[in-house]
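First comes the structure, then the notes that go with it.
In this chain, residues are counted from 1 in sequence order. Fair warning: this is a prediction, and the values are worked out from it, not measured in the lab.
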Amino acid sequence: MAVVLLFVGDFLGRHPGVLAALLALLGLGGVVVAALWGRGQYRRWRQDGHGQLPGGIEQWRELSPDGFEHAVARLCRRDGCTRVEVLGGANDRAGDVRARTPDGRWLLVQCKRYGETKRVPAEVLYQVNGTYRESHRCDLAAVVTTSSFTSSAVDWNSDLDQPLRLFGSRQLLAWAQQQGPAPWE
């Protein structure tokens with residue numbers, strides 16, 4: 001190995017043009033790598049809900065779970081909520097976004113980024129209903145999903161004195177495209 005390094009070093013020392021060409025190629029390679037890395041970072045930035053809001057439901061489903069929460073928070077801010085915070089994580093106590101609505105009420109949103117065939121079960125609603133008032137000190141709660149809700153979830157919710165706001169994929173898109181109400185309206 002040492003002999004090869006000595007030979008290469010000697011050769012490059014006697015041929016400075018070859019050395020310059022190699023350094024230029026390495027520099028170009030670095031630019032290409034940086035550009036590709038940057039595109040990857042941009043893609044992750046978009047997936048984390050910081051780019052433009054997604055257009056179609058498939059774009060919403062392509063967001064990371066954290067990105068989905070941040071995008072929902074952006075919708076809340078866009079539509080006049082203040083003090084918007086993303087709570088998400090392992091100890092979020094069934095709440096991902098907390099915000100003060102334009103009319104002054106506190107809203108808790110549980111975000112569920114699911115595929116088309118996975119529906120939000122009643123258990124998620126039980127958890128949200130059990131925490132939004134006492135744990136999060138909110139006046140109302142919503143569950144926003146890129147999918148839909150099981151029939152048992154919808155039935156259970158309709159029996160509540162103060163039902164949770166259920167936003168399936170159609171309601172989410174209407175809200176995002178400013179063609180439908182926000183969860184607090």
Side-chain angles (χ1 to χ4, degrees), residues 43-81 83-102 105-185:
R43 189 175 302 114
R44 278 190 293 282
W45 183 74
R46 289 282 311 268
Q47 288 173 333
D48 286 340
H50 299 292
Q52 280 185 323
L53 287 169
I57 197 63
E58 287 308 317
Q59 291 175 313
W60 281 93
R61 289 181 182 136
E62 289 172 2
L63 293 171
S64 67
D66 184 60
F68 182 54
E69 294 167 4
H70 283 283
V72 169
R74 286 185 60 217
L75 286 175
C76 291
R77 278 188 205 93
R78 181 198 73 188
D79 292 344
C81 287
R83 300 181 64 184
V84 178
E85 59 182 321
V86 176
L87 307 171
N91 296 317
D92 64 16
R93 293 175 283 154
D96 296 313
V97 177
R98 186 171 184 265
R100 183 94 150 177
T101 64
R105 294 176 294 164
W106 282 102
L107 166 72
L108 182 73
V109 181
Q110 173 69 0
C111 300
K112 292 295 180 187
R113 184 196 52 86
Y114 287 164
E116 183 179 358
T117 58
K118 182 176 181 180
R119 299 185 309 165
V120 178
E123 290 77 15
V124 169
L125 277 59
Y126 305 156
Q127 293 169 351
V128 174
N129 190 57
T131 63
Y132 83 91
R133 288 185 210 98
E134 294 301 317
S135 295
H136 294 286
R137 307 265 188 249
C138 288
D139 305 302
L140 66 152
V143 179
V144 177
T145 183
T146 54
S147 183
S148 60
F149 299 87
T150 63
S151 58
S152 62
V154 172
D155 291 344
W156 181 83
N157 191 57
S158 66
D159 289 339
L160 293 176
D161 290 336
Q162 187 174 350
L164 305 175
R165 314 298 172 94
L166 303 184
F167 266 54
S169 59
R170 280 189 232 122
Q171 292 86 358
L172 169 61
L173 284 179
W175 176 30
Q177 296 167 358
Q178 297 180 303
Q179 297 174 354
W184 57 88
E185 296 176 339

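Note that CD of Glu58 is 9.5 Å distant from OG of Ser169, once rounded to the nearest 0.5 Å. A distance of 11.5 Å separates CZ in Arg100 from CG in Leu107, rounded to the nearest 0.5 Å. In this structure, Ser135 OG and Arg137 CZ are separated by 8.0 Å, a value rounded to the nearest 0.5 Å. Arg98 contributes atom CZ, which lies 12.0 Å from atom SG of Cys81 (distance to the nearest 0.5 angstrom). One finds the NZ atom of Lys112 at 16.0 Å from the CZ atom of Arg119 (value rounded to the nearest 0.5 Å). If you take CZ on Arg74 and CG on Leu53, they are separated by 4.0 Å, rounding to the nearest 0.5 Å.
Taking each heavy atom of Leu63 and Ala71 in turn, the nearest pair found is CD1-CB, 3.9 Å. When all heavy atoms are compared, the tightest approach of Ala153 to Val120 is CB-O, 3.8 Å. The shortest heavy-atom contact between Val128 and Ala94 is CG2-O, 3.5 Å. The two residues Trp60 and Gly55 have their closest heavy-atom pair at NE1-O, 4.3 Å. Of all non-hydrogen atoms in Leu125 and Leu164, the two that sit nearest each other are O-CD1, 3.6 Å.
Looking at Ser147, its side chain does come within 3.5 Å of a backbone N or O of Lys118 through a donor-acceptor pair. Side chain of His136 to main chain of Asp92: a donor-acceptor pair is present (N/O by atom type, distance under 3.5 Å, no hydrogens or angles). With Asp96 contributing its side chain and Cys111 its backbone, the two residues share a donor-acceptor pair below 3.5 Å. No donor-acceptor pair closer than 3.5 Å links the side chain of Gln127 to the backbone N or O of Arg93. Under the 3.5 Å distance criterion, the side-chain polar atoms of Thr145 are left unmatched by any main-chain donor or acceptor of Arg113. A donor-acceptor pair under 3.5 Å is absent between the side-chain atoms of Gln110 and the main chain of Ala141, judged by distance alone. The main-chain N or O of Ala176 is found under 3.5 Å from a side-chain atom of Arg78 such that the two form a donor-acceptor pair.
Checking Trp184 against Asp79 by side-chain atom types alone, no donor-acceptor pair falls below 3.5 Å. With hydrogens and angles left out, the side-chain atoms of Thr150 and Ser152 include a donor and acceptor closer than 3.5 Å.
Between Phe68 and Val144, some side-chain heavy-atom pair lies under the 4.5 Å cut-off. Contact check for Phe149 versus Asn157: no side-chain heavy atoms found under the 4.5 Å cut-off. Proximity of Pro121 to Tyr126: side-chain heavy atoms (C-beta onward) are nowhere separated by under 4.5 Å.
In the displayed structure, Gln177 atom CD is contacted under 6.0 Å by more than 12 heavy atoms of other residues, nucleotides or ligands.
Partner Tyr132 forms a side chain to side chain contact (heavy atoms under 4.5 Å, CB included) with one of Asp139, Leu108, Val109 and no other, that one being Leu108.
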